[in-house]
Structure formats: C-alpha cells, structure tokens
Amino acid sequence: MTAKVLIFGPFADAAGARTLEVCLPETDRVTASVVMAQVAEQHPALRALLRHAMLAVNCSKADDTTVVRPGDELAIIGLVSGG
Amino acid sequence: MTAKVLIFGPFADAAGARTLEVCLPETDRVTASVVMAQVAEQHPALRALLRHAMLAVNCSKADDTTVVRPGDELAIIGLVSGG
Amino acid sequence: MNLQTIIQDGALGPAAMWRVEGAGALVCFEGIVRPIEAEQPIAGLRYETYDPMAERELQQLAAQAIRDFGLLDVRVEHSRGFVANGDCSFRLRLAAVHRQEALAAMDWFIDRMKRDVPIWKRPVLVADPSSATI
Amino acid sequence: MNLQTIIQDGALGPAAMWRVEGAGALVCFEGIVRPIEAEQPIAGLRYETYDPMAERELQQLAAQAIRDFGLLDVRVEHSRGFVANGDCSFRLRLAAVHRQEALAAMDWFIDRMKRDVPIWKRPVLVADPSSATI
C-alpha cells in the first residue's frame, strides 16, 4: 500500500513538502518501525533528522510494534519538538 | 534609660499591648542582647515567644552585639513571621 | 477534572481573571518571544502545530499534572503561527492548595511539553521575511 | 535596578499588564487566602505589617534575587489588614531571560520572605468577628 505521512517543522523543510508518500510492503502486519524504515529508505534527505523522530499513529505516539492500518493518520514527530 | 519597643502579632497578643516599656541599665554600651534579656525579665508573658524572636534596630535586624542608642527605633521581630 | 487547553492563532492576549475554589497558590508562567534567537535579531517566531495531537498531548499532560502533583486546576494556552518578539506565545496557569506542588508541577510541565507536544518554532529574521513561510 | 515593592491595604486587585524588555519568561505567583485555617473555616486573614521594615526587607530580597538569579525585574505586592478568603494577599512577579532562573528565584524568594519580612497574619474566624482586632 501507499501511505501518506504528515511532516512538520524541520522535517517539512528538509523534504520541501508537508506530506510524504511512502510505499509500504504488502504484508498484513505493517508496524511503525517498518514505516519509519521505509521513510528513511525512500526519503534520504530526512535520514539525519529521523534519528531524533518517532511516528505518531492517529495522534498517539507509536512504539516499534504499533500496527499501522490503511486509513490511519500517520505523522512524524520530533523527539524534542522544542516548543 | 527607658526604651520603647514595638511589638506585633503574637507578641502584641501575649503582652496585651503594641508597645513595651523596658528599663535598660545606665551603661554607655547597651547591646541588642541586653535589650532582649531585659524584655524577657520585665515581661514574663513574652518569654516563650522570645525564644523565636530577635530585635530590629532602626528597621534592621540586630545581632547580639549591635549597640542600641537613645532614640533608636526598637522592634521585636519573629524569626518566622509566617507571612 | 478541571483543565483547559487552548491553541490559538497569534500572540496570546492578557490573562483572564481566574479564581479557583480552595486554592492557596496560583502560579502563572508566560513564555515571551525574545528579540534574539541564536545570536540573531528576530522579528518573532512562527509556531507550527500538529493540531489534533498537540491539543491531545497538552490535555494528557494537564491531566497527569493534576493527578501527580495534586493540583486543583490547570490552564494552558499556546500560540500557533506568527508571534512578534515581546509578545506572549505560551501561558501555563496552575492552581494548588500550597505553592510547593504548583512550582514543582510548573517545571515538570514545561519540560514535558517541550519533549512531548508536537509544536515547532521557526525564527522569523528581521531582515528576511521569507523565512516566515515554508 | 528594576524592582518595585508595594504594601497596600486590603486584597490585591488584578495584576497590571507587564512587559519587560528582553524577558523570555514572566512568572507570577499569587497567594490566595484559603477558606480553612488550622481546620477551622475562616472569613479571611488579617495581616499586620511592621511597615518601614517590611518594605525595606522586601526591597532587599528583591535586589538580592535580581543579583543572585540574574533576573531582569521583580515586582512584589503584599496586603496589610483584612483580606477575605478567596482574595489575593500576595503577588510576586519575576522576569528573566529563561524560565529556570525565574522558577528557582520564586521558591527562594517566598521562603526568605516568610523568614525575614515582618508581616504577621491572624485568622478571622467566620463565627468570631472580634478576632479581627487585637
């Protein structure tokens, strides 16, 4: 499947966009760690920033094993957003 | 000499007055500790409270050796006033 | 539980009057945009918020502060978009029976907010208004 | 040095607007008279101040806070006389470049004030208005 991932702040600057398209493997169990690995793979400009980032699924912080389903709202969140 | 000493809060309650009259020895060097000792001597109702009190001379905290002169403004200050 | 979180466009206005039944201590923190960022003069900061999540995280932090520090009430306001230097972009108000828990909670809340709440800031340079937008 | 101390009759009104050049953090503490004192319902507190000395001690504390914590500005207000429960009897406002020094100074100032500033409080019981005066 292809997923949309919302990005903000320095992530959006580095990507030159506010949304990423990410192709995900066609398995029945896609986890947050798979999504993050695919983002890094498909968007090399973000790699350095991704070391200090995590995935949010439906507005909740995901851990590595959180399962992502079609239709979930995905976003990349800095570990320190620095508000 | 006779000195006036201002008192407040629980000191005023215990003495039933807002000012104490205290007779001081006729020496040329009366210190804050002499004043406090004379207050305790001449106003027994205050003795318990005086253990947690100090003298202020002209609105400054005095130490034991601070010299008191005629005309100085004297006041008894709680060590914890509890504002 | 008494808590309120608001994310609003632009600088925060003056704090509204606040009375909390039984409170002995009201503590208010205001974060003000400073005229210098990373040694450069700035016109202000532009805040970007991931809104539904930022609101939700603020609510969770406020609820946890009430529980863990025994607070009576928590009010949080944060700006979104441009805030000029000298203006207020963040206000946290805590009500407690005694001051100790309010002051401890204040420090804790701001640390956690910076770590957990998806809000990003970007300096808007005096000389470079283009940095105001992506 | 930017500091201001005020001792005034009765409850404190709402805080005035406050802007401090270069400040990144404004912290305000308000002490509110609680409805219960020593497990008894009270109408309020009556504050007795040794005025010239209380003012002087507050000034000295404010000056020391500015020096020791690197604050930009300090405002202190304290009530004298009767303050009803629910009303504000003490307000301390600190301005700093960063929040850490402001929060640390807040705690320090209030501890020192309770120890050093000659202000006494007396509960005024709901059932006993005579306790309002000596």
Side-chain angles (χ1 to χ4, degrees), chain A residues 3-22 30-33 35-36 38-40 43-83, chain C residues 5-8 12 29-34 37-38 44-64 76-83 88-92 109-125 128 130-134:
Chain A
K4 276 201 332 194
V5 179
L6 305 174
I7 52 175
F8 305 89
F11 302 93
D13 290 349
R18 293 181 162 281
T19 310
L20 300 174
E21 300 273 326
V22 186
V30 174
T31 60
S33 66
V35 175
M36 290 298 272
Q38 289 301 316
V39 171
H43 298 276
L46 295 181
R47 274 179 206 161
L49 287 169
L50 287 170
R51 267 179 238 133
H52 307 285
M54 66 191 303
L55 193 70
V57 178
N58 298 327
C59 293
S60 283
K61 287 172 182 171
D63 59 36
D64 283 353
T65 62
T66 303
V67 174
V68 173
R69 296 190 174 80
D72 283 348
E73 180 169 303
L74 306 180
I76 290 175
I77 301 301
L79 283 181
V80 173
S81 43
Chain C
T5 64
I6 294 170
I7 297 177
Q8 68 164 61
L12 305 181
F29 177 90
E30 294 187 327
I32 309 296
V33 175
R34 295 199 300 130
E37 172 97 3
L45 292 174
R46 182 169 295 275
Y47 292 92
E48 188 181 0
T49 59
Y50 176 24
D51 265 350
M53 183 170 176
E55 182 95 24
R56 189 183 152 148
E57 292 283 328
L58 287 176
Q59 294 257 354
Q60 285 180 357
L61 281 185
Q64 190 180 344
V76 193
E77 300 163 73
H78 204 298
S79 293
R80 149 192 335 110
F82 181 71
V83 180
C88 180
S89 61
F90 169 60
R91 181 180 293 124
L92 173 60
F109 190 104
I110 301 173
D111 279 341
R112 289 293 299 267
M113 184 180 76
K114 285 179 183 274
R115 199 188 78 183
D116 289 348
V117 181
I119 298 175
W120 294 265
K121 65 183 182 190
R122 183 193 311 275
V124 178
L125 299 182
D128 175 20
S130 75
S131 71
T133 48
I134 244 180

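Chain letters run A, B, ... following the sequence lines, proteins first and then strands; every chain starts at 1. All heavy atoms count here, side chains included; hydrogens, waters and symmetry mates do not.
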Would the number of heavy atoms belonging to other residues, nucleotides or ligands and lying under 6.0 Å from CZ of A:R69 be above 12?
->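 No - once you tally the heavy atoms of other residues, nucleotides and ligands closer than 6.0 Å, there are 12 at most.
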Quick one: which of C:R56, C:Q60, C:E57 gives a side chain to side chain contact (heavy atoms under 4.5 Å, CB included) with A:S60?
->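 Testing A:S60 for a side chain to side chain contact (heavy atoms under 4.5 Å, CB included) against C:R56, C:Q60, C:E57 leaves exactly one candidate, C:R56.
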Given the rule in the side chain to side chain contact (heavy atoms under 4.5 Å, CB included) test, do C:M53 and A:E73 qualify, once you have shown the distances and angles that lead to the verdict?
-> CA-CA 11 Å; C:M53 183 170 176; A:E73 180 169 303; over 6 Å; no
Take the angle between the ring planes of C:W120 and A:F8 and call it parallel below 30°, perpendicular above 60°, tilted in between.
->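 C:W120 vs A:F8 ring planes: parallel.
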Would you sort out whether A:D13 and C:R122 count as a side chain to side chain contact (heavy atoms under 4.5 Å, CB included), showing the intermediate values?
-> CA-CA 11 Å; A:D13 290 349; C:R122 183 193 311 275; 2.7 Å; yes
Which atoms of C:E55 approach chain A - backbone, side chain, both or neither, heavy atom under 4.5 Å |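 Nothing of C:E55, per the 4.5 Å heavy-atom cut-off to chain A.
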What closest approach, in Å, do C:D116 and A:K61 show between heavy atoms, and which atom pair accounts for it?
->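 For C:D116 versus A:K61, the nearest heavy atoms are OD1-NZ, 2.9 Å.
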